[in-house]
Amino acid sequence: MSHELPKTYDPGAIEVRWAEYWIKEKLFAVKTPGPGEAKRPVFTLLLPPPNVTGRLHMGHMLNQTEMDIIIRWHRMRGDLTLWLPGTDHAGIATQMMVERQLASEGTSRQKLGREEFLKRVWDWKKHYGGAIQAQMKRLGASVDWDREYFTMDENLSRAVTECFVRLHEQGLIYRGMYIVNWCPRCMTAISDLEVVHEDVAAKLYQVRYPIVGDPKNFVTVATTRPETMLGDTAVAVNPHDERYTKLHGKKLILPLMEREIPLITDDFADPEFGSGAVKVTPAHDPNDFQIGLRHKLAQINVMDEQARINQNGGPYAGLDRYEAREKILHDLEKRGLLAGIKDHAHAIGKCDRCKTIVEPRLSTQWFIKIQPLADRAIAAVEKGEIVFTPENYAKTYFEWMRNIHDWCISRQLWWGHRIPAWHCQECKEIIVARSAPQKCKCGSAKLEQDQDVLDTWFSSGLLPFTSLGWPEKTPDLDVFYPTTLLITGFDILFFWVARMIMLVCHFMDGHPQGSVPFTSVYIHALVRDADRQKMSKTKGNVIDPIDITEKYGTDAVRFTLASMASPGTDIAFSESRTDGYRAFANKIWNAARFMFMNLDRVSGAKLTQGAPAQLDRLEDRWIFSRFYRVAGEVNQALDAYRFDEAANTVYSFFWGEFCDWYLELIKPRLSAEGPEAAKALALLGDMFEGALRLLSPFMPFITEEIWHAMYEGKPPRKSIALVAYPQREQKWLNDAAEEHMAVLQDLVVNIRNLRAEMKVETKAKTPVRMHTSGDLQALISDNRGMLERLANVEAIEFTSQSLANAPGARTTPKFEVALVYERKIDVAAEKERLGKELAKLENQLAGAQRQLGNEKFLAKAPANVVEGLKKQAAEQEILIQKTRKALEGLGGA
RNA sequence: GGGCGGUUAGCUCAGCUGGUUAGAGCGCCUGCCUUACAAGCAGGAGGUCCACAGUUCGAGUCUGUGACCGCCCACCA
């Protein structure tokens, strides 16, 4: 490889090449060290496994960018760094996908049968399942691809079974008939979390239930779901509701079904609501279910699995639930039993997957008794074993954990981990076992495995240890468990993060390396569009990460996301910003070209020979000091997950200091002939190489490209990703150099400013006159080359006279400077500027004096603050005098 | 119904434990093709820090109230 870079920065060309190189060379594959091998700090990060059906979206890209930055940073710091990738089988989502495909072929899973269907799903996975991985590879995610897993892999499935069986043995898994959330379209139970609530403007219907023996009188109940009355088995009133005391013990006629049902008393009935009487439908409402248990009421299920009225619904059998509602209302009205209809806003639950309205349904399911697990999981965060960033999410977590309900883990699907329970066809015994039992206790061999599969989140909740080989005692588990960090979005805080904490703490309880799945959780925000709208297909504002990457380069997109990733704040992704970071990449590119161009010119020069023991020149001492200080800041920011601060710090260093000042300052030395130039180039190379390492986690591609070029094809390691990350180094920090440079920079800016104001031709050199202290005179004289070059100054004349009333002079606390130039200044404009300046200064001085005159301030404020304010006030006083003089010089204010 | 977050320049956002002159990018205005980069360089304008009250020597920063946005959770008909 030559050190020549093409004139134009073309991210596409270099990125594809390096992405392939990293994979081909297996640069990020991690060998598990044996027990005797040298110990290094271990950093383990689990990739939140994308769904096998998934396509990469901006949220993934943000997530992966953050993970990759952290991972590359740790790797460069010398940690044993594992980023473990995998894919989730995504039960419902995948099954839906394949079913849709089958439908288009005119068939269905029922027609194929379970076995054949599963074959189809595996086929589908083989063909379409790798989309996200391919995209991740293109984006350069530095995961260990050799360790990639799939949640349905044999060993992982075995671990899932093991966990299920253990929980069952411990009495933490039970099976029973309860009301669950049922999706009539997916035809499966779903957990509470998979129900999304949506506010709707609905109606509240008042229905009259005639009293037995007094059919002219009624008890009126209110309901939002009249169709469920077909399954009513009681009407409840509050025992203390005196309106109904005389009816206690009476029976009512359930209209339409013409069935007698009791009037019962139960505290659930709220006398304040409606008439105070509530219909009770134990098979179709969770509250009513509880009332039913308390009063031993019959449970009449009136709907089938698709939420159509079944034969228990008498004349309404066969109707869809909403058709039935219409007909029932119509029939009630006809009989004069509909007492009224009111508007009623409330929330309805929809299936997270398909948005079908969820039906509470009485059915037999498997559940996890969650309270013991939740208690433990709460303790883990309370005790600080797990730390959330932003810390606020801990509150959300506690809120949810403290109001948790048992988790329904069975799904009436085919794609997933089948429940390891076998039902004896003879005695109905249920055997939960690690593998299929030969025969039942009763001697029968007629055993059938449970038809249900497990909630996908059950298996993903186990990943922190199952992905490392548990329940075997593997070396991986030894070395890499527990994982160090989890980076994920808040959308799966409960689905995944909370469940992992519960399940892992339970199973790894007492593990020598700790029982928590990870010690740190970083929750990132949402990527929105430039107008802060949520990206959605229906709005058509979805930005495809691959499209945007092809347009601006991965490095620029990554940098955009990183620079905006301030914890807790959503990211309004705007292309203009990405465009800006492409310009930054271009800046890096051209700075490199500049360096290489000089390398060609200077014979005997080398870029990568390391820093000299001593730096003779101010600008060198300054840039080294700045670099090592910045390195410290970047490390600190990353340590706190302040991706934005880290990115902005390195950005302004590279552009605003290294390019804008240092490169300009070093140009004269580079263009000189001989050893001086070679020496300067070595310094430049050293700084540049360091800057590339500093930038590498954020922009892995362009830094890799230039870094290799700097070594002319013979780099010390195969990748910049494998060399050390820059750290703050005390020996290079130089406060004096930074202070001196600050004065010179201020001087340069002031002179440029004067030139612009006086409209001096760009190329014309101007002499300047200065008034300043002896120390600074020496500094400025020593560095007059800097002023000549950067401010186009021709000669500097020092004067002991104040320049304050010289027209067009600039005054600062440290110096006064004026151009020696015959061109007239714009008197009116200058007067305006000075006037504004004066007003501001006077204002500030007044404030400072007010404070300094306050005895309490002098008594209570820390000394350095008081000192600072005094100094400021003194400077301001001088500046005010000078500014007044300047105004007088111009002919008054 | 509960809980949480936000409001700082035209736009998108920083501002860490209260402390000297509130910052950046983009956009805008002016001047430059100064051979690394016009995807650039130099200079500039632009802010009642949502409102009110309070704590404090001192508030963008802490407390309270309100307004306006937004998010999450929820089995009361």
Side-chain angles (χ1 to χ4, degrees), chain A residues 5 7-9 179 181 192 197 204-205 221-225 236 268-270 273-275 277-281 285-290 344 346-347 349 360 390 392-393 395-396 399-400 403 405 490-491 493-494 526 530-532 563-564 566 568-574 576-577 579-598 640 642 644-645 648 651-652 656 659-660 663-664 667 749 752-757 759 761-763 790-792 840-841 844 847-848 851 854-862 864-873 876:
Chain A
L5 296 180
K7 190 164 183 337
T8 319
Y9 164 60
I179 297 269
N181 304 298
D192 295 345
H197 295 273
L204 188 65
Y205 305 95
V221 301
T223 179
T224 53
R225 304 208 49 204
F268 175 79
D270 175 5
F273 191 93
S275 64
V278 58
K279 67 194 234 11
V280 182
T281 323
D285 181 280
N287 290 309
D288 295 6
F289 177 77
Q290 293 300 332
H344 183 71
H346 74 141
N392 219 58
Y393 279 105
K395 273 193 218 163
T396 313
E399 185 73 19
W400 185 76
N403 297 295
H405 299 283
F490 66 83
D491 51 329
L493 180 62
F494 307 136
L526 207 66
D531 303 319
R532 311 210 107 263
S563 73
M564 300 187 81
S566 169
T569 309
D570 285 348
I571 291 175
F573 189 92
S574 71
S576 72
R577 196 147 167 147
D579 200 33
Y581 290 121
R582 180 182 55 170
F584 179 50
N586 189 53
K587 189 81 185 172
I588 300 168
W589 186 260
N590 279 295
R593 284 184 51 233
F594 169 74
M595 176 174 64
F596 291 130
M597 190 189 83
N598 282 286
R642 290 303 305 257
D644 58 331
E645 260 180 28
N648 292 328
Y651 174 95
S652 53
C659 290
D660 286 350
L663 288 188
E664 292 307 322
K667 274 177 182 175
V749 168
R752 281 171 176 170
N753 188 285
L754 282 171
R755 290 175 59 96
E757 214 154 86
K759 301 200 193 313
E761 293 85 352
T762 314
K763 283 176 186 157
L790 298 183
N792 240 348
K840 197 172 135 191
L841 284 167
Q844 283 167 6
Q851 274 210 71
N854 184 333
E855 276 173 38
K856 285 185 185 165
F857 170 72
L858 296 174
K860 290 189 180 176
N864 65 321
V865 172
V866 177
E867 265 332 285
L869 197 62
K870 276 185 184 162
K871 200 174 147 204
Q872 181 206 322
Q876 277 164 347

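Small disclaimer: the values here were computed from a predicted structure and weren't measured. Chain letters run A, B, ... following the sequence lines, proteins first, then strands; residues in each count from 1.
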[Y] side chain reached by [X] side chain, heavy atoms, under 4.5 Å:
| X | Y | result |
| --- | --- | --- |
| A:Asn590 | A:Tyr9 | no |
| A:Asp285 | A:Phe289 | no |
| A:Leu869 | A:Phe857 | yes |

Shortest side-chain distance from [X], nucleotide among [options]:
| X | options | answer |
| --- | --- | --- |
| A:Asn586 | B:C37, B:G43, B:C57 | B:C37 |
| A:Glu645 | B:G5, B:C16, B:A36 | B:C16 |
| A:Gln872 | B:U34, B:U20, B:A36 | B:U20 |
| A:Lys763 | B:C16, B:U34, B:G43 | B:U34 |
| A:Gln851 | B:A14, B:C57, B:C71 | B:C57 |
| A:Thr762 | B:G15, B:C32, B:A36 | B:C32 |
| A:Lys860 | B:C57, B:C72, B:A36 | B:C57 |

Taking any heavy-atom pair under 4.0 Å as a contact, classify [X]: base, sugar-phosphate, or nothing.
| X | result |
| --- | --- |
| A:Arg755 | nothing |
| A:Ala269 | base |
| A:Asn648 | nothing |
| A:Ile179 | nothing |
| A:Pro360 | nothing |
| A:Val221 | nothing |
| A:Thr8 | base |
| A:Thr223 | sugar-phosphate |
| A:His405 | base |
| A:Lys870 | nothing |
| A:Asp288 | nothing |
| A:Arg593 | sugar-phosphate |
| A:Tyr9 | base |
| A:Met595 | nothing |

[atom1] spacing across the pair [N] / [M], given as an integer number of angstrom:
| N | M | atom1 | result |
| --- | --- | --- | --- |
| B:A59 | B:A51 | C1' | 16 Å |
| B:C16 | B:C62 | P | 9 Å |
| B:G46 | B:G23 | C1' | 14 Å |
| B:C49 | B:A42 | P | 31 Å |
| B:G10 | B:A45 | P | 15 Å |
| B:C32 | B:U20 | C1' | 37 Å |
| B:C28 | B:C11 | C1' | 12 Å |
| B:U17 | B:U12 | C1' | 28 Å |

What distance do A:Tyr581 atom OH and A:Met564 atom CE have between them, rounded to the nearest 0.5 Å?
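Here the interatomic distance stands at 8.0 Å.
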
Looking at CD of A:Glu855 and NZ of A:Lys860, how far apart are the two atoms once the value is rounded to the nearest 0.5 Å?
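A:Glu855 CD to A:Lys860 NZ: 12.5 Å, rounded to 0.5 Å.
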
Quick one: is B:G40 close enough that its OP1 or OP2 comes under 4.0 Å of any side-chain N or O from A:Asn590?
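A:Asn590 to B:G40 OP1/OP2: no side-chain N or O under 4.0 Å.
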
Between [atom2] on [N] and [atom1] on [X], what's the gap in Å once rounded to a whole number?
| X | N | atom1 | atom2 | result |
| --- | --- | --- | --- | --- |
| A:Tyr581 | B:G25 | OH | P | 9 Å |
| A:Lys840 | B:A22 | NZ | C1' | 11 Å |
| A:Arg582 | B:C26 | CZ | P | 13 Å |
| A:Leu790 | B:A42 | CG | P | 10 Å |
| A:Glu399 | B:C73 | CD | P | 12 Å |
| A:Arg577 | B:G27 | CZ | C1' | 13 Å |
| A:Glu855 | B:G58 | CD | P | 14 Å |
| A:Asn392 | B:G70 | CG | P | 20 Å |

Can a salt bridge be assigned to the pair A:Arg642 and A:Asp644 using a cut-off of 4.0 Å between side-chain N and carboxylate O?
yes

More 5' along RNA chain B: A:Gly580 or A:Lys667, using each one's nearest nucleotide?
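It is A:Gly580, whose closest nucleotide lies nearer the 5' terminus.
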
Closest-nucleotide 5' rank along RNA chain B - winner of A:Ile571 and A:Ala756:
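Nearer the 5' end of the strand: A:Ile571.
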
Polar side-chain atom of A:Arg752 near backbone of A:Asn792 as donor-acceptor pair, under 3.5 Å
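No; judged by distance alone, with no hydrogens or angles, the pair does not exist.
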
What is the ring orientation for A:His346 with A:His344, classed by angle as parallel under 30°, tilted 30 to 60°, or perpendicular over 60°?
tilted

Where each pair must be Watson-Crick or G-U wobble with both distances under 3.5 Å, what dot-bracket representation of RNA chain B is obtained, with crossing pairs in [ ] and other-strand partners as |?
(((((((..((((.....[...)))).(((((.......))))).....(((((..]....))))))))))))....

side-chain hydrogen bond (donor to acceptor under 3.5 Å, both in side chains) against A:Asp660, all qualifying residues, sequence neighbours excluded
none

